[in-house]
Amino acid sequence: MKLGIAEVLARANQFEGLVVEFPTQLPALLRQVLLPVVADATGAPRNLREKGERLTQEGGFTKDELDEKLLPYLGEHHASFDLFDPTAPFGQVAGLRTAKNETKGAAALVATAASGNNVPLFASRTDADPLDLTAAQAAHWLLHAHCWDTAAIKTGVVDDPQVKAGKTTGNPTGPLGQLGVIVPTGRTLYETLLLNLPVTPPDNLGVPQWKRGPYGPGWKPRAAEGLLDLWTWQARRIRLIPHRDEAGQPRVDRVVISAGDRLVPMSELEPHTAWTFTAPTKKSTSALPERRPRRHTQGKAAWRGLEALLAPSRQSTDGFETSILLDQISALQEDDQLPADYPLQVETFGMVYGTQSAVVEDVIHDAIPLPLLALHQDSGFHQLLLEVAEQAERLAQAVNNLSADLRRAAGADPIPWDKGQRPGELLLHALDPLVRRLLAGVRDAGTNEEVLDQGRLAWEQVAHRQAWDMADVLLLAAPASAFGGRTLDQPGKAGKTQTYRLGTAGANFRRQVSEILPRHTDAVRQAAAARAAETGPALDPAPGADFDY
């Protein structure tokens with residue numbers, strides 16, 4: 001369903017969310033259009049109580065908010081949202097051109113399209129094949145470019161005083177490309193909009209780009225002047241070149257893209273990222289820890305970064321801080337303005353760039369349920385989720401250690417950490433749905449501590465089974481030579497040797513798993529003790545046996 005801004009906001013409580021062609025378009029649409037319109041028209045919440053009241057009001061935006069603020073605002077600025085306005089097109093520069101009137105195909109806007117230096121050798125299309133975008137598609141990719149565009153050299157345009165030899169260099173990626181983006185989402189689009197409006201004084205809002213323009217070809221490095229300026233940052237100077245199709249509808253197949261404003265430094269107002277703190281170095285001019293946006297890691301599920309999502313306060317040494325939005329959502333729950341079982345979801349977005357950030361290599365997107373109680377640092381739910389994430393990582397490392405020991409016993413080298421696929425990653429893939437199920441179960445449990453304890457034990461039981469399923473594959477695949485093993489010199493320890501064989505590798509793995517999953521280990525021992533009380537003790541393993549397999 002394709003709707004305009006006014007109808008989307010009027011019916012925001014009827015939609016679960018936005019449907020986009022490409023995942024990273026979602027934060028672009030929220031930040032470049034919907035959130036700035038709502039914040040500029042109705043104001044951001046001034047305190048937590050106001051945010052809680054607006055978030056939980058039935059029916060979405062009230063009649064007064066719609067009829068007296070949002071719709072009049074959109075009517076007043078209607079011309080500013082015209083994508084093909086001849087003098088001030090939305091998010092663009094009218095008349096933007098190069099010295100030779102050169103243009104690029106619309107694929108230059110599209111992160112997924114092969115274009116320029118990003119065309120694979122055997123791609124199905126080249127720059128010579130036109131990519132014809134509808135007006136809606138062009139608008140989405142226009143906003144996406146302002147947020148996520150690649151870095152490096154950009155085409156020089158007429159009247160840009162910083163052009164040298166027909167180009168500009170040193171361009172950074174779009175602002176969101178420098179972040180690990182975190183977007184909290186609710187049950188409806190209305191709730192998602194309110195969840196993403198931070199509590200902030202009116203003086204911190206500033207104005208959006210459609211009130212700052214029209215923009216010209218010139219640009220400069222500068223700081224964001226308020227939250228709305230940050231959200232609607234014009235990281236590129238762009239011009240869409242439309243034509244009419246056979247039905248008379250506007251379409252875009254050519255564009256001009258050049259350098260835009262450079263955000264320096266990263267704004268402290270940024271609400272859509274978690275932060276990393278590193279201790280000051282000897283060369284630092286400040287004694288305070290350095291605060292940097294935390295990036296998402298390629299190939300890692302969002303729950304594997306819970307230590308940052310759940311870190312509620314600024315650290316004085318090495319550590320993390322969660323996003324402003326999640327911190328305020330936690331405060332809402334503490335004030336009983338959100339129920340403990342509120343179905344909060346957290347979506348994460350990121351872009352992986354390659355070759356001097358001039359090409360897009362991969363896109364990161366994930367969504368997880370996040371229990372509100374887990375945002376409280378002193379709660380059992382907080383400790384449970386951090387413990388589960390840590391246990392999963394340690395189990396993966398134990399499987400990798402088993403693989404390395406078996407390979408050494410067979411006369412091979414361990415799999416390098418940065419090459420190939422290590423079995424620990426396969427274990428984490430198998431554990432992924434189990435962790436997500438636990439997150440949803442903890443959220444639905446509310447404050448029931450008994451259910452929490454049951455969840456802890458159930459997790460360790462299934463994690464134990466998955467870890468041993470992976471270990472069985474490795475043990476059964478080991479060659480016969482691994483039974484006798486090999487004796488190798490220990491690196492860095494002159495005259496010291498270590499023998500690797502199948503039996504000791506299995507015994508070490510068993511010991512590690514028992515330490516990592518203590519509740520499961522205790523439950524097994526208690527069950528064995530109960531059986532022994534009924535039937536008599538089981539036979540002890542033979543003295544010196546390394547591994548009972």
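The figures that follow rest on heavy atoms only: side chains count, while hydrogens, waters and symmetry mates do not.
- Residue Gln92 holds its CD atom at 9.0 Å from CZ of Arg239, rounded to the nearest 0.5 Å.
- Remark: the Thr168 side chain and the Asn171 side chain contain an N/O donor-acceptor pair separated by less than 3.5 Å.
- Checked by atom type, the side-chain pair Ser330/His376 shows a donor-acceptor distance below 3.5 Å.
- A side-chain N or O of His365 and one of Glu347 form a donor-acceptor pair less than 3.5 Å apart.
- For the pair Val346/Asp366, no side-chain contact is recorded, criterion being any heavy-atom separation below 4.5 Å from C-beta on.
- You'll find the ring centres of Phe22 and Trp141 inside the 6.0 Å limit.
- Nearest approach of Leu227 to Pro198, heavy atoms of both residues: CD2-CG, 3.6 Å.
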- Message: For Val252 and Ile241: C-alpha separation, side-chain torsions, deciding distance, then whether side chain to side chain contact (heavy atoms under 4.5 Å, CB included) applies.
- Response: CA-CA 6 Å; Val252 174; Ile241 302 175; 5.8 Å; no

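- Between Phe61 and Tyr190, the distance from one ring center to the other falls under 6.0 angstrom.
- One finds a salt bridge joining Glu225 and Arg212 here, because a Lys/Arg side-chain nitrogen approaches an Asp/Glu carboxylate oxygen to under 4.0 Å.
- Within the 4.5 Å cutoff, the side chain of Leu309 has heavy atoms near those of the Ile368 side chain.
- A salt bridge links Arg31 and Glu270; the closest N-O separation between the charged side-chain nitrogens and carboxylate oxygens is under 4.0 Å.
- Between Arg237 and Asp261 there is a salt bridge, with a side-chain nitrogen of the basic residue lying less than 4.0 Å from a carboxylate oxygen of the acidic one.
- Using a 4.5 Å heavy-atom cutoff, the side chains of Arg251 and His243 are in contact.
- The CG atom of Asp85 lies 10.5 Å from the NE2 atom of His78; values are rounded to the nearest 0.5 Å.
- If you look at Tyr73 and His77, their ring centroids are closer than 6.0 Å.
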- Report the C-alpha separation of Leu9 and Leu193 in whole Å, then their side-chain angles, then the decisive distance to 0.1 Å, and conclude whether the side chain to side chain contact (heavy atoms under 4.5 Å, CB included) test is met. CA-CA 10 Å; Leu9 295 178; Leu193 292 173; 3.8 Å; yes

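- Interatomic distance, CG of Leu133 versus CG of Asp253, reported as 8.5 Å (0.5 Å rounding).
- We find the CZ-CD distance between Phe15 and Glu7 to be 6.5 Å, quoted to the nearest 0.5 Å.
- When only modelled atom types and interatomic distance are considered, Asp82 and Ser80 share no side-chain donor-acceptor pair under 3.5 Å.
- Under a 3.5 Å cut-off, the side chain of Thr232 and the backbone N or O of Pro208 do not form any donor-acceptor pair.
- Taking the charged nitrogens against the carboxylate oxygens, Glu191 and Arg54 have no contact shorter than 4.0 Å, which rules out a salt bridge.
- In this structure, a donor-acceptor pair under 3.5 Å is absent between the side chains of His272 and Ser323.
- Between Ser357 and Thr150, the closest side-chain pair of non-hydrogen atoms is not below 4.5 Å.
- In this structure a side-chain-to-backbone donor-acceptor pair under 3.5 Å is present from Arg436 to Ala367.
- Without hydrogens or angle criteria, Asp160 side chain to Gly218 main chain gives no donor-acceptor distance under 3.5 Å.
- Between the side chain of Arg295 and the main chain of Gly177, a donor-acceptor pair closer than 3.5 Å is present.
- Exactly one residue among Thr62, Asp40, Thr42 makes a side-chain contact (heavy atoms from CB on, under 4.5 Å) with Lys69. That residue is Thr42.
- Side-chain atoms of His296 come within 3.5 Å of backbone N or O of Val181 as a donor-acceptor pair.
- Two residues are said to be in side-chain contact when any heavy atoms from C-beta on lie closer than 4.5 Å; Leu269 and Ile324 fail this criterion.
- In this structure, the side chains of Asp245 and Thr134 stay at 4.5 Å or more apart for every pair of heavy atoms.
- Taking the charged nitrogens against the carboxylate oxygens, Lys154 and Asp149 do have a contact shorter than 4.0 Å, which makes a salt bridge.
- Under the side-chain contact (heavy atoms from CB on, under 4.5 Å) test applied with Thr24, the options Val363, Ile364, Thr112 reduce to a single match, Val363.
- Taking both residues in full, the closest heavy atoms of Lys51 and Pro45 are given as CB-CB, 3.7 Å, listed atom of the first, atom of the second, then distance.
- Remark: Arg291 is positioned above the aromatic ring of Trp275, its terminal NZ or CZ atom under 6.0 angstrom from the ring centre and at most 45 degrees off the axis.
- The distance from the CG atom of Leu74 to the CG atom of Leu66 is 10.0 Å, given to the nearest 0.5 Å.
- To the nearest 0.5 angstrom, Tyr215 atom OH is 12.5 Å from Ile238 atom CD1.
- There is no side-chain donor-acceptor pair under 3.5 Å between Gln337 and Tyr342.
- At a threshold of 4.5 Å between non-hydrogen side-chain atoms, the residues Arg187 and Glu16 do not count as touching.
- The stretch residues 167-186 participates, sequence neighbours left out, in no ring-ring contact (aromatic ring centres under 6.0 Å, His included) pair at all.
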- Query: Which is it for Leu29 and Leu143 under the side chain to side chain contact (heavy atoms under 4.5 Å, CB included) test, yes or no, and what are the steps along the way?
  - Reply: CA-CA 7 Å; Leu29 286 173; Leu143 301 178; 3.6 Å; yes

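- No more than 12 heavy atoms of other residues, nucleotides or ligands lie within 6.0 Å of NZ in Lys167, so this atom counts as exposed by the packing criterion.
- Looking only at side-chain heavy atoms (C-beta outward), Leu326 and Ile182 come within less than 4.5 Å of each other.
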- Task: I would like to know whether Arg294 and Glu307 meet salt bridge (charged side-chain N to carboxylate O under 4.0 Å, His left out); could you show each step before the answer?
- Result: CA-CA 11 Å; Arg294 180 172 170 82; Glu307 73 278 8; 2.9 Å; yes

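- Counting all heavy atoms, side chain and backbone alike, Asp432 lies closest to Ala301 at OD1-CB, 3.4 Å.
- Within the 3.5 Å criterion, the main-chain N or O of Trp233 finds a donor-acceptor partner in the side chain of Gln32.
- A salt bridge is absent between Arg254 and Asp132: the closest approach of a Lys/Arg side-chain nitrogen to an acidic carboxylate oxygen does not fall below 4.0 angstrom.
- No donor-acceptor distance shorter than 3.5 angstrom exists from the side chain of Gln333 to the backbone of Ile329, with no hydrogens or angles considered.
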- Task: List the steps, then state whether side chain to side chain contact (heavy atoms under 4.5 Å, CB included) holds for Phe320 with Phe277.
- Result: CA-CA 6 Å; Phe320 310 106; Phe277 292 93; 5.9 Å; no

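- Counting all heavy atoms, side chain and backbone alike, Trp231 lies closest to Ala39 at CZ3-CB, 4.4 Å.
- For Arg46, the CZ atom sits in a loose shell: 12 or fewer heavy atoms of surrounding residues, nucleotides or ligands are nearer than 6.0 Å.
- Residues Leu332 and Leu48 come closest through the heavy atom pair CD2-O, 3.3 Å.
- Minimum heavy-atom separation, Gly186 to Thr192: N-OG1, 3.0 Å.
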